[in-house]
Amino acid sequence: MLQNSARTSPKPGKQLKKAFFGRSVHEVAPDLIGATFLVDGVGGIIVEVEAYHHTEPAAHSYRGPTPRNSVMFGPPGFTYVYRSYGIHWCVNFVCEKAGSASAVLIRALEPTHGIPRMRRRRGLPDERSLCSGPGKLTEALGITHAHNGLPLDAAPIALYARTAKPDVVTGLRIGITKAVDLPWRYGLRDSKFLSRPFA
DNA sequence: CTGGTGATCAACT
DNA sequence: GTTGATCACCAGC
C-alpha cells in the first residue's frame, strides 16, 4: 500500500460548490488539500497550495485591478489563470467575496485521472514529475488563458471534496521576494508529489 | 546533489 | 529597462 499518498482516500467526495470558496482564503487553502481537481476529466488530488491576499505585497492583486488580475476582484468560485515568466500558466481559485481579491494558487497534484494524456502533454516525464509544480500541472491538465474566469462548479472543471481529513503541513511560500515570512503554503505531509519538500 | 541560465510576456519603475 | 506566484537542461561537485 502506498504510504504518504492521498490515495488512502481514493473516492472523491461530493462536488464542491461556490459557497466552499466564499470563506477566508486561510480556511479554504488547507481545506483544498486532498480535494480532487479535474479539467475535462484529467487531473488528480491537490497536495500543495499557497494562499494570496490583496493586503500583502506578494499578491498580484496588491496594487489593484489590472486586465490580467481582474477575475481576482470578482466573486469567489472562479479560476484566475495567468502567464508566469512569459512561458508557463498558473491556476488559482478565487476565494472570500467580490473585491476581497484573494486566491489560492494550486501548486501540485498527485496524478490520478488521465495519466496517459498528461504524459503526452508533458513529454512523457515520470509520474512523480507530471504535476509537481504550478506550471507543470497546468501543462498536464491543458490549462491556458482560455480557462481564466471559469466557474469551478461546472464543466470542463470538476472539483470533489476529500472524504477524510489529511495531515496538512504549512510552510513559507516559494518563488517570491515580498512577504516571504508569511507561512501560507499548505501541503500534504510527506507527499512524493510536492513541488518541493516542506522544511 | 547543487547552482547557473535561457525562454519570453505583463506589469511596473 | 527590470522583475517575476517557473521549468528544463546542463555543468560541476
Side-chain angles (χ1 to χ4, degrees), chain A residues 21 24-26 28-33 35 37 39 43-44 46-74 76 78-96 100-111 118-150 152 168-188 191-199:
Chain A
F21 301 96
S24 163
V25 72
H26 304 301
V28 177
D31 283 356
L32 279 170
I33 301 299
F37 175 37
V39 176
I46 297 172
V47 296
E48 180 185 343
V49 302
E50 285 174 358
Y52 287 88
H53 194 274
H54 86 271
T55 53
E56 46 94 6
H60 287 174
S61 51
Y62 180 62
R63 292 162 195 286
T66 66
R68 175 175 74 160
N69 68 18
S70 63
V71 179
M72 275 188 84
F73 288 84
F78 292 83
T79 59
Y80 162 48
V81 178
Y82 70 93
R83 201 190 269 283
S84 174
Y85 288 88
I87 304 175
H88 306 103
W89 300 102
C90 292
V91 62
N92 293 252
F93 298 163
V94 177
C95 296
E96 299 192 1
S100 176
S102 70
V104 176
L105 171 69
I106 309 303
R107 288 194 55 91
L109 307 179
E110 175 176 339
M118 290 195 275
R119 266 192 213 286
R120 279 197 298 277
R121 287 169 172 160
R122 294 270 299 129
L124 309 177
D126 58 294
E127 189 167 320
R128 212 169 151 275
S129 306
L130 277 183
C131 299
S132 59
K136 298 178 187 178
L137 75 90
T138 55
E139 183 175 40
L141 271 60
I143 295 172
T144 70
H145 61 105
H147 297 81
N148 186 39
L150 292 183
L152 294 171
V168 176
V169 290
T170 65
L172 301 179
R173 296 177 294 182
I174 292 176
I176 57 174
T177 58
K178 297 166 184 170
V180 295
D181 53 314
L182 298 176
W184 292 355
R185 178 181 180 225
Y186 302 88
L188 179 65
S191 169
K192 296 176 301 190
F193 301 92
L194 300 172
S195 67
R196 285 173 42 181
F198 282 75

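When reading the values below, keep in mind they use all heavy atoms of this one structure, side chains included, and skip hydrogens, waters and symmetry mates. Since this is a predicted model, take the numbers as computed values, not measurements. Sequence lines set the chain letters: A, B, ... in the order given, protein chains first and strands last, and positions in each chain run from 1.
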Return the polar atom pairs (N/O with N/O) between nucleotides 8-13 of chain B and the protein under 3.5 Å, or none.
residue	atom	partner	partner atom	Å
B:dT8	O2	A:Y85	O	2.8
B:dA11	OP1	A:T66	OG1	3.4
B:dA11	OP1	A:R68	N	2.8
B:dT13	OP1	A:R63	NH1	3.2

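For C:dA5, there is no paired nucleotide, since no Watson-Crick or G-U wobble pair has both relevant distances below 3.5 Å.
Counting any heavy atom pair closer than 4.0 Å across all strands shown, A:R122 reaches sugar-phosphate atoms only and no base atom. Nucleic acid contact for A:T177: sugar-phosphate only, since backbone atoms but no base atoms lie under 4.0 Å from a heavy atom of the residue.
Between A:L141 and A:L109 the shortest side-chain heavy-atom distance falls below 4.5 Å. The closest side-chain heavy-atom distance from A:S195 to A:R185 is below 4.5 Å. Two residues are said to be in side-chain contact when any heavy atoms from C-beta on lie closer than 4.5 Å; A:W89 and A:E139 fail this criterion. Side-chain contact between A:F93 and A:I106: present, with at least one pair of heavy atoms (C-beta onward) separated by less than 4.5 Å.
The main-chain N or O of A:Y82 is never found under 3.5 Å from a side-chain atom of A:N148 such that the two would form a donor-acceptor pair. In this structure a side-chain-to-backbone donor-acceptor pair under 3.5 Å is present from A:T79 to A:H147. Counting only distance, with no hydrogens or angles, the side chain of A:R107 and the backbone of A:Y186 share no donor-acceptor pair below 3.5 Å.
A 4.0 Å heavy-atom criterion places the boundary nucleotides of DNA chain C facing chain A at C:dG4 to C:dA8, written 5' to 3'.
Counted by atom type alone, A:H26 and A:S24 present zero donor-acceptor pairs between their side chains at under 3.5 Å.
For C:dC13 and B:dT5, the P atoms lie 15 Å apart once the distance is rounded to whole Å.
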